Amino acid sequence: MQGCFYCSKGVLLLSMRTANARLPRKRVIRFDGEGESSEELIEALVNFDPSVSYEPLEETCAACVGVLQQADTARVIDAVVDRLTTEDYQTKSYTFYVTLPVSLLPRNHALALHVYNQLKEQGLDVEAATSVRNDQVDAKEPVRAVVGQQLTDKMGMQQSTEAGLKMTVVFSHPETVGDHVFLTTVSNPVVKLLKQRKKGQVFFTGDSRNTIIEGLKSLNDEEAVSAMPVPPKPVETAFELKIELLHESTLVGGRYIKLSREYSQTPWSIRGQRLTEFSVSESIGEPLKKYFKCDDYKFVTAGREDANVRMLGHGRPFYMQMVNPRIPEVPEDLYLKMEEEINHSSNSESVLVRHLARIQPGDVNIIKEGEQTKRKTYSALVWIAKPFTDDLIEKLNAIGSTQFEISQRTPIRVLQRRAHMVRPKQIYHLSVQKLPARIQGSDEHQEAKGHFARLIMDTEAGTYIKEFVHGDLGRTNPSFASLTGAAADILDLDVLEVDLVWPPHLKTSM
């Protein structure tokens with residue numbers, strides 16, 4: 001059996017004494033117990049001597065399936081460099097993760113056991129042989145070290161645990177993917193595979209890396225030799241490689257104004273059919289996307305308004321999460337340019353933005369808290385089944401001059417997507433205004449107009465305004481309809497203000 005030099009003690013790297021050391025040239029140790037190679041084996045494993053030479057290993061190592069054997073070759077290094085060059089992230093630091101084939105666990109357990117037995121056969125005492133067997137180094141460390149050194153040399157990039165760019169090099173080996181399954185058939189199995197089905201696909205659970213490690217630890221040496229190949233069987237293929245790159249999101253905060261009653265807040269589709277042609281999120285996100293060269297964006301707001309509701313005043317607070325940006329940081333003056341571009345685009349008659357600025361991850365809690373805790377001011381054009389007399393308006397304004405509480409059961413129109421519950425909400429202020437007198441029009445029109453009024457409300461966030469007006473078949477109580485003593489409905493609705501200090505660099509709420 002042959003294993004690359006790095007696998008001569010399982011997945012141990014004898015020469016890796018510091019995290020930044022370079023890997024030496026690959027070599028081979030023959031574990032056949034013949035001739036002088038046995039003495040070389042003991043010498044190399046017990047007291048590493050870099051001057052000892054070994055013959056090159058041409059075939060794929062059976063223990064690491066080529067991972068350590070080829071870690072510093074063009075196959076790995078060039079693939080990583082090419083991917084980073086293509087993606088062109090504007091950063092000089094990265095956090096490095098390595099995912100190894102799960103088959104390395106049983107294979108290196110078998111190799112460590114084989115080396116242990118060989119050392120004992122060559123006369124090494126049990127204590128020293130056990131020390132060699134247990135002196136193992138996680139194979140991820142040498143991979144990180146060698147690839148990291150190469151990236152420093154070739155691209156000037158440095159590893160950092162706090163870097164925004166996360167790089168994961170995933171090694172897989174389909175040929176040996178089932179090597180650990182024998183652990184389910186041992187006398188006292190720790191690994192127990194569970195067959196599951198999801199969306200028509202069959203898969204197995206119960207064989208996580210930690211579970212496999214525990215399963216290997218639970219084996220005694222005799223059972224291990226009888227249950228698995230010791231040493232591990234040769235392999236015909238080397239590993240497969242995948243490089244995953246993901247940069248932490250950049251967060252852009254601001255306020256938006258929506259002047260149209262035909263824009264949904266986000267793309268609105270039912271069964272694949274869009275119900276509105278445009279959305280606020282796309283009107284803002286698409287222009288921003290090119291500045292950060294990101295994969296996608298996520299739009300988060302302090303509350304929401306329906307597509308047919310306008311957002312006026314100083315606008316609604318929002319932040320845009322720019323997903324996996326290649327340009328994570330831009331100059332402050334560029335945010336003004338983004339703002340101007342959005343406000344002069346083809347959508348500018350419907351959507352405007354204000355106060356665009358970069359925000360920090362901790363700032364998003366302000367949006368989440370404000371969604372349910374801040375006040376909001378609304379203006380609604382309402383109709384009732386009887387005229388708005390001066391006495392009725394005076395009565396309603398007297399009621400609305402004092403804060404009062406309403407009880408709202410989940411509205412019928414959102415029952416399919418909201419939890420069924422009763423929500424108490426505060427109406428901080430309410431006032432009713434007659435519509436301006438018409439200069440022209442028949443008496444009949446003037447009489448009909450007497451059924452309409454402008455309703456101004458200052459309410460707790462999360463209040464269902466439309467349901468408050470018409471009562472939602474008694475599910476909101478009291479309602480504007482019950483206060484007037486007549487059937488009521490709402491014709492249009494505007495959000496005038498959202499009382500929230502946002503973005504955080506602004507000193508007062510807008």
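These values consider heavy atoms only, across backbone and side chains, with no hydrogens, waters or symmetry-generated copies. Predicted, not measured: the structure shown is a model, and the values here were computed from it.
- When atom types are taken as modelled, the side chain of Thr410 and the backbone of Met421 share a donor-acceptor pair closer than 3.5 angstrom.
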Passes side-chain contact (heavy atoms from CB on, under 4.5 Å), Val364 versus Gln321? Steps please. CA-CA 10 Å; Val364 303; Gln321 179 183 348; over 6 Å; no
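- Of the possible polar contacts, one joining the Lys258 side chain to the Val309 backbone as a donor-acceptor pair under 3.5 Å is found.
- Looking at every heavy atom in both residues, Ile284 comes nearest to Met320 through CG2-CE, 3.7 Å.
- Residue Glu162 places its CD atom among 12 or fewer non-hydrogen atoms of other residues, nucleotides or ligands, all under 6.0 Å distant.
- Two residues are said to be in side-chain contact when any heavy atoms from C-beta on lie closer than 4.5 Å; Arg83 and Leu245 meet this criterion.
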Evaluate the criterion side-chain contact (heavy atoms from CB on, under 4.5 Å) for residue pair Lys166 and Glu248; output intermediate values, then yes/no. CA-CA 8 Å; Lys166 315 299 180 185; Glu248 290 179 352; 3.4 Å; yes
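- Among residues two or more places apart in sequence or in another chain, the ring-ring contact (aromatic ring centres under 6.0 Å, His included) test is passed with Phe171 by Phe239.
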CA sep, side-chain torsions, deciding dist, call: Val280, Thr266, side-chain contact (heavy atoms from CB on, under 4.5 Å): CA-CA 6 Å; Val280 175; Thr266 55; over 6 Å; no
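- Side-chain atoms of Trp502 come within 3.5 Å of backbone atoms of Gly254 as a donor-acceptor pair (strictly under, hydrogens ignored).
- Between Val495 and Arg316, some side-chain heavy-atom pair lies under the 4.5 Å cut-off.
- Side-chain contact between Pro504 and Ile366: present, with at least one pair of heavy atoms (C-beta onward) separated by less than 4.5 Å.
- In summary, Arg326 and Asp295 engage in a salt bridge, as defined by a charged side-chain N under 4.0 Å from a carboxylate O.
- For the side-chain contact (heavy atoms from CB on, under 4.5 Å) with Pro325, the lone residue among Phe292, Tyr297, Tyr291 that qualifies is Phe292.
- The two residues Pro267 and Ser281 have their closest heavy-atom pair at CD-OG, 3.3 Å.
- For His314 against Ile257, the heavy-atom pair with the smallest separation is C-CG1, 4.3 Å.
- Residues Tyr263 and Asn308 bring no donor and acceptor atom of their side chains to less than 3.5 Å of each other.
- In this structure, the side chain to side chain contact (heavy atoms under 4.5 Å, CB included) partners of Arg304, at least two apart in sequence or on a different chain, are Gln265, Asp306, Arg418.
- Contact between Cys61 and Gln69 at its shortest, heavy atoms only, is N-OE1, 2.8 Å.
- Take Tyr335 and apply the ring-ring contact (aromatic ring centres under 6.0 Å, His included) test, not counting sequence neighbours, and it matches no residue.
- Considering CD of Gln70 and CG of Leu241, their distance stands at 10.0 Å, rounded to 0.5 Å.
- Leu151 has its side chain within reach of Leu84: a pair of non-hydrogen atoms, C-beta onward, lies under 4.5 Å apart.
- Partners of Tyr319 under the ring-ring contact (aromatic ring centres under 6.0 Å, His included) rule, at least two apart in sequence or in another chain, do not exist in this structure.
- Summarising the geometry, atom OG belonging to Ser226 is positioned 8.5 Å from atom CG belonging to Leu219; distances are rounded to the nearest 0.5 Å.
- In this structure, His344 places its NE2 atom where only 12 or fewer heavy-atom neighbours from other residues, nucleotides or ligands lie under 6.0 Å away.
- Applying the ring-ring contact (aromatic ring centres under 6.0 Å, His included) rule to pairs touching residues 211-238 yields nothing, sequence neighbours excluded.
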Go through Gln149 and Asp153 one step at a time and tell me if the side chain to side chain donor-acceptor pair (under 3.5 Å) criterion holds. CA-CA 6 Å; Gln149 185 62 53; Asp153 294 345; 3.1 Å; yes
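- Here the side chain of Arg358 pairs no donor or acceptor atom with the backbone of Leu251 at under 3.5 angstrom.
- Within the 4.5 Å cutoff, no side-chain heavy atoms of Val169 are placed close to those of Arg144.
- Rounding to the nearest 0.5 Å gives a distance of 7.5 Å between CG of Asn108 and SG of Cys64.
- With hydrogens and angles ignored, the 3.5 Å screen pairs no side-chain donor or acceptor of Thr168 with any backbone N or O of Val98.
- Side-chain contact of Ser264 with Thr276: a donor-acceptor pair under 3.5 Å is present, judged by distance alone.
- In this model, no donor atom of one side chain and acceptor atom of the other lie less than 3.5 Å apart for Ser345 and Ser348.
- The line from NE2 of His109 to CG of Leu183 is 8.5 Å long, rounded to the nearest 0.5 Å.
- Using cut-offs of 30° and 60° for the angle between ring planes, the Phe318 and Tyr256 rings count as tilted.
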Side chains of residues 184-192: which donor-acceptor pairs under 3.5 Å do they make with residues two or more places apart or in other chains?
residue, atom, partner, partner atom, Å
Thr184, OG1, Val181, O, 2.7
Thr185, OG1, Phe182, O, 2.8
Ser187, OG, Glu223, OE2, 2.9

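- Between His247 and Pro328, the shortest heavy-atom distance links the atoms CE1-CB, 3.4 Å.
- A distance of 4.5 Å separates CG in Asn117 from CG in Leu113, rounded to the nearest 0.5 Å.
- Crowding of Glu262 atom CD: a count of heavy atoms from other residues, nucleotides or ligands under 6.0 Å not exceeding 12.
- Side-chain atoms of Gln90 come within 3.5 Å of backbone atoms of Asp88 as a donor-acceptor pair (strictly under, hydrogens ignored).
- When only modelled atom types and interatomic distance are considered, Asn343 and Glu341 share no side-chain donor-acceptor pair under 3.5 Å.
- At a threshold of 4.0 Å, the pair Lys337-Glu339 does not count as salt-bridged, since none of the basic side-chain nitrogens sits closer than that to a carboxylate oxygen.
- Residues Thr237 and Glu175 have side chains that bring a donor and an acceptor to within less than 3.5 angstrom of each other.
- Looking only at side-chain heavy atoms (C-beta outward), Ser249 and Met322 stay at 4.5 Å or farther from each other.
- The existence of a salt bridge linking Glu282 and Arg274 is confirmed by a sub-4.0 Å separation between a basic side-chain nitrogen and an acidic carboxylate oxygen.
- With rounding to the nearest 0.5 Å, the separation of NE2 in His180 from CZ in Arg209 is 10.0 Å.
- No donor-acceptor pair under 3.5 Å is formed between the side chain of Arg107 and the backbone N or O of Asp179.
- Looking at Val81 and Met157, their side chains never come closer than 4.5 Å, going by heavy atoms from C-beta outward.
- For Ser283 (side chain) and Ser279 (main-chain N/O), a donor-acceptor pair under 3.5 Å exists by modelled atom type.
- Heavy atoms only, all atoms of each residue included: Leu246 and Tyr89 are closest at N-OH, 4.2 Å.
- In this structure, the side chains of Met311 and Val498 come closer than 4.5 Å at one or more pairs of heavy atoms.
- The backbone N or O of Met155 lies less than 3.5 Å from a partner atom in the side chain of Lys92, making a donor-acceptor pair.
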Give the C-alpha distance, both sets of side-chain angles, the deciding distance and a yes or no for side-chain contact (heavy atoms from CB on, under 4.5 Å) between Val323 and Lys298. CA-CA 7 Å; Val323 178; Lys298 296 180 181 179; 4.3 Å; yes
